[in-house]
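Working notes for the structure below.
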2 protein chains.
Amino acid sequence: MDRCNATELLRLKNVKVTRSRIAILDEIIASDNPVNAIDLHNGLSGQLTVNLATVYRMLKLFVDVGILREAFADNGTQYFEMACVHNPAHAHFQCSKCKRIICLSPLTFEDTILFSEASKIGEINEINIKLKGICQKCRSTA
Amino acid sequence: MDRCNATELLRLKNVKVTRSRIAILDEIIASDNPVNAIDLHNGLSGQLTVNLATVYRMLKLFVDVGILREAFADNGTQYFEMACVHNPAHAHFQCSKCKRIICLSPLTFEDTILFSEASKIGEINEINIKLKGICQKCRSTA
DNA sequence: ATATAATTGCGAATAGTTTGCAAGTAATTC
DNA sequence: GAATTACTTGCAAACTATTCGCAATTATAT
Ligand SMILES: [Mn+2]
Ligand SMILES: [Mn+2]
Ligand SMILES: [Zn+2]
Ligand SMILES: [Zn+2]
């Protein structure tokens, strides 16, 4: 699975390349699941520390310049993921029991039939699909 | 457009029928768009007043017993709508400029193709689709 | 190396939501 | 219809996620 390079990506998007931004963006790039601000803040490895307020500022900035997309919200917490070529838009499944999130396969052309009505209403530039239910593991452990 | 009756619905779901619950549920039933706690609290007409904390408790209760579903979240605010036979599951469109929400047509059988992969992962019992973009009105006023 | 403009840490402020507890009210029983 | 009981409500305080102002710091351009 190919991934972006944090420094290159920041430069490409014309935002200043700082130690803190690289550290946070590295975490996001490395994660296979959507992430939230607090996890990113706690997840910093080693000596470097980044203030939580700064993490929030980064997340907003990264969404603004198109590095990230907001994947979904869970109980008032926002989760983000890479919006790069390596991570095409897709739906998310959340188990209501164990709360685990699973990223589904990228949306196909057929899926977009679903959005034909919406495209009459306006120009779509963000798609957000969240499915909730009980995962296999939780069902078998019932 | 047919609508539920608040009192009947509460009785049907085996929750106590109170003046406050009827008032809040009436508001939700009457609304053509998803609603949030604060709007419901402010939207009370006339003499009756219901504490905001109570509104939140009701929303949770109504979701638990299946009267409501959570439609989507916008900037940390949760929006709810009726989960009754008169209001089948559907996607929502939000204009990122004017913030207006539009309820789209109910999901069709074909739409559920989209969820075939997810149904292998687990049993789906909640579907949440939010599309963001620019509405016609906002585009023409640009 | 200096200058400039952007970024960061810190603390305090917001906004939405939840909670404990005492008082109030709906449904049940007589 | 009044007494009983369990549930609901108001209130104030707590909590969570997120935002903001401002002074100090740092990345880039000169
Ligand atoms: Mn994902
Ligand atoms: Mn709707
Ligand atoms: Zn599970
Ligand atoms: Zn609009």
Side-chain angles (χ1 to χ4, degrees), chain A residues 6-28 34-44 47-65 67-80 99 101, chain B residues 6-28 34-44 46-65 67-80 94 99 101:
Chain A
T7 307
E8 276 175 26
L9 188 50
L10 291 170
R11 241 195 287 273
L12 183 71
K13 298 296 186 174
N14 285 308
V15 298
K16 273 191 183 164
V17 180
T18 70
R19 231 173 282 290
S20 309
R21 282 178 182 173
I22 293 173
I24 294 295
L25 187 49
D26 270 341
E27 277 195 83
I28 305 172
V35 293
N36 65 44
I38 294 174
D39 290 346
L40 288 171
H41 180 246
N42 296 334
L44 285 168
Q47 58 312 84
L48 185 61
T49 172
V50 177
N51 190 275
L52 182 57
T54 304
V55 175
Y56 280 108
R57 278 188 282 233
M58 284 183 196
L59 289 174
K60 184 172 292 187
L61 172 72
F62 292 169
V63 168
D64 283 349
V65 300
I67 292 179
L68 297 184
R69 75 173 75 99
E70 207 198 315
F72 58 86
D74 180 36
N75 269 309
T77 304
Q78 303 182 241
Y79 285 76
F80 303 85
K99 305 300 174 196
I101 298 287
Chain B
T7 307
E8 278 175 26
L9 189 49
L10 290 170
R11 242 195 287 273
L12 183 71
K13 299 294 186 175
N14 285 307
V15 298
K16 273 194 182 161
V17 179
T18 70
R19 231 172 281 292
S20 309
R21 282 178 182 172
I22 293 174
I24 294 295
L25 187 48
D26 270 341
E27 278 194 83
I28 305 173
V35 293
N36 66 44
I38 294 175
D39 290 346
L40 288 171
H41 179 247
N42 296 334
L44 286 167
Q47 58 312 83
L48 184 61
T49 171
V50 178
N51 189 274
L52 181 57
T54 304
V55 176
Y56 280 108
R57 279 187 281 234
M58 284 183 196
L59 289 174
K60 184 173 291 188
L61 172 72
F62 292 170
V63 169
D64 282 349
V65 302
I67 291 178
L68 297 185
R69 74 171 77 98
E70 207 198 314
F72 58 86
D74 181 35
N75 270 310
T77 305
Q78 303 181 239
Y79 284 78
F80 303 84
Q94 178 171 38
K99 305 300 174 196
I101 297 288

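Letters A, B, ... are given to chains in the order of the sequence lines, protein chains preceding strands, and every chain is numbered from 1. The figures that follow rest on heavy atoms only: side chains count, while hydrogens, waters and symmetry mates do not.
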Practice prompt. Any chance you could measure B:Leu25, atom CG, to B:Thr7, atom OG1, to the nearest 0.5 Å?
Written response: 8.5 Å

Worksheet entry | B:Gln94 side chain to B:Lys99 backbone, donor-acceptor under 3.5 Å | yes

Discussion item. Please report the distance, rounded to the nearest Å, between CE in A:Met58 and C1' in D:dC20.
Written reply: 17 Å

Worksheet, complete the sentence: Ranking A:Arg21 and A:Ala53 by the position along DNA chain C of their nearest nucleotide, the one closer to 5' is A:Arg21

Practice prompt. Could you check how far CG of B:Leu59 sits from P of D:dT9, rounded to whole Å?
Written response: 12 Å

Item to complete: Looking at every strand, decide which applies to B:Val15 at a 4.0 Å heavy-atom threshold: base, sugar-phosphate, or nothing.
Response: nothing

Practice prompt. Counting heavy atoms from C-beta on, name the nucleotide in C:dT18, C:dA6, D:dG10 closest to the side chain of A:Lys16.
Written response: C:dA6

Worksheet entry | B:Thr18 vs D:dT9: side-chain N/O to OP1/OP2 distance below 4.0 Å | yes

Worksheet, complete the sentence: Separation between OG1 (A:Thr54) and CG (A:Leu61), nearest 0.5 Å, reads 12.0 Å

Discussion item. Any side-chain N or O of A:Tyr56 below 4.0 angstrom from OP1/OP2 of D:dT19?
Written reply: no

Discussion item. Without decimals, in angstroms, what is the distance between A:Leu10 CG and D:dT28 C1'?
Written reply: 14 Å

Worksheet item: Under 4.5 Å between any side-chain heavy atoms of A:Leu40 and A:Leu52, yes or no?
Response: no

Practice prompt. Looking only at side-chain atoms of A:Thr54, point me to the closest of D:dT18, C:dG9, C:dA27.
Written response: C:dG9

Worksheet entry | Flag side-chain contact, heavy atom, 4.5 Å: B:Asn51 against B:Tyr56 | no

Fill in: Closest-nucleotide 5' rank along DNA chain D - winner of A:Ile38 and B:Val55
B:Val55

Worksheet item: Between A:Leu40 (CG) and D:dT18 (P), how many Å, whole number?
Response: 11 Å

Worksheet item: Pick the nucleotide of DNA chain D nearest each of B:Asn75 and B:Thr49; which residue has the one closer to the 5' end?
Response: B:Thr49

Discussion item. How many whole angstroms separate atom CZ of A:Arg19 from atom P of C:dG9?
Written reply: 12 Å

Discussion item. Please report the distance, rounded to the nearest Å, between CG in A:Leu25 and P in C:dT7.
Written reply: 14 Å

Discussion item. Measuring to OP1 and OP2 of D:dA17, would you say a side-chain N or O of A:Gln78 lies under 4.0 angstrom away?
Written reply: no

Worksheet item: Taking the side chain of A:Asn51 as its heavy atoms from C-beta onward, which of D:dA27, C:dG16, C:dC10 lies nearest to it?
Response: C:dC10

Worksheet entry | N/O donor-acceptor pair, side chain B:Arg57 with base C:dG20, under 3.5 angstrom | yes

Discussion item. How many whole angstroms separate atom CG of A:Leu52 from atom P of C:dA12?
Written reply: 16 Å

Practice prompt. Mind calculating the distance between CZ (A:Arg11) and P (D:dT28) to the nearest angstrom?
Written response: 7 Å

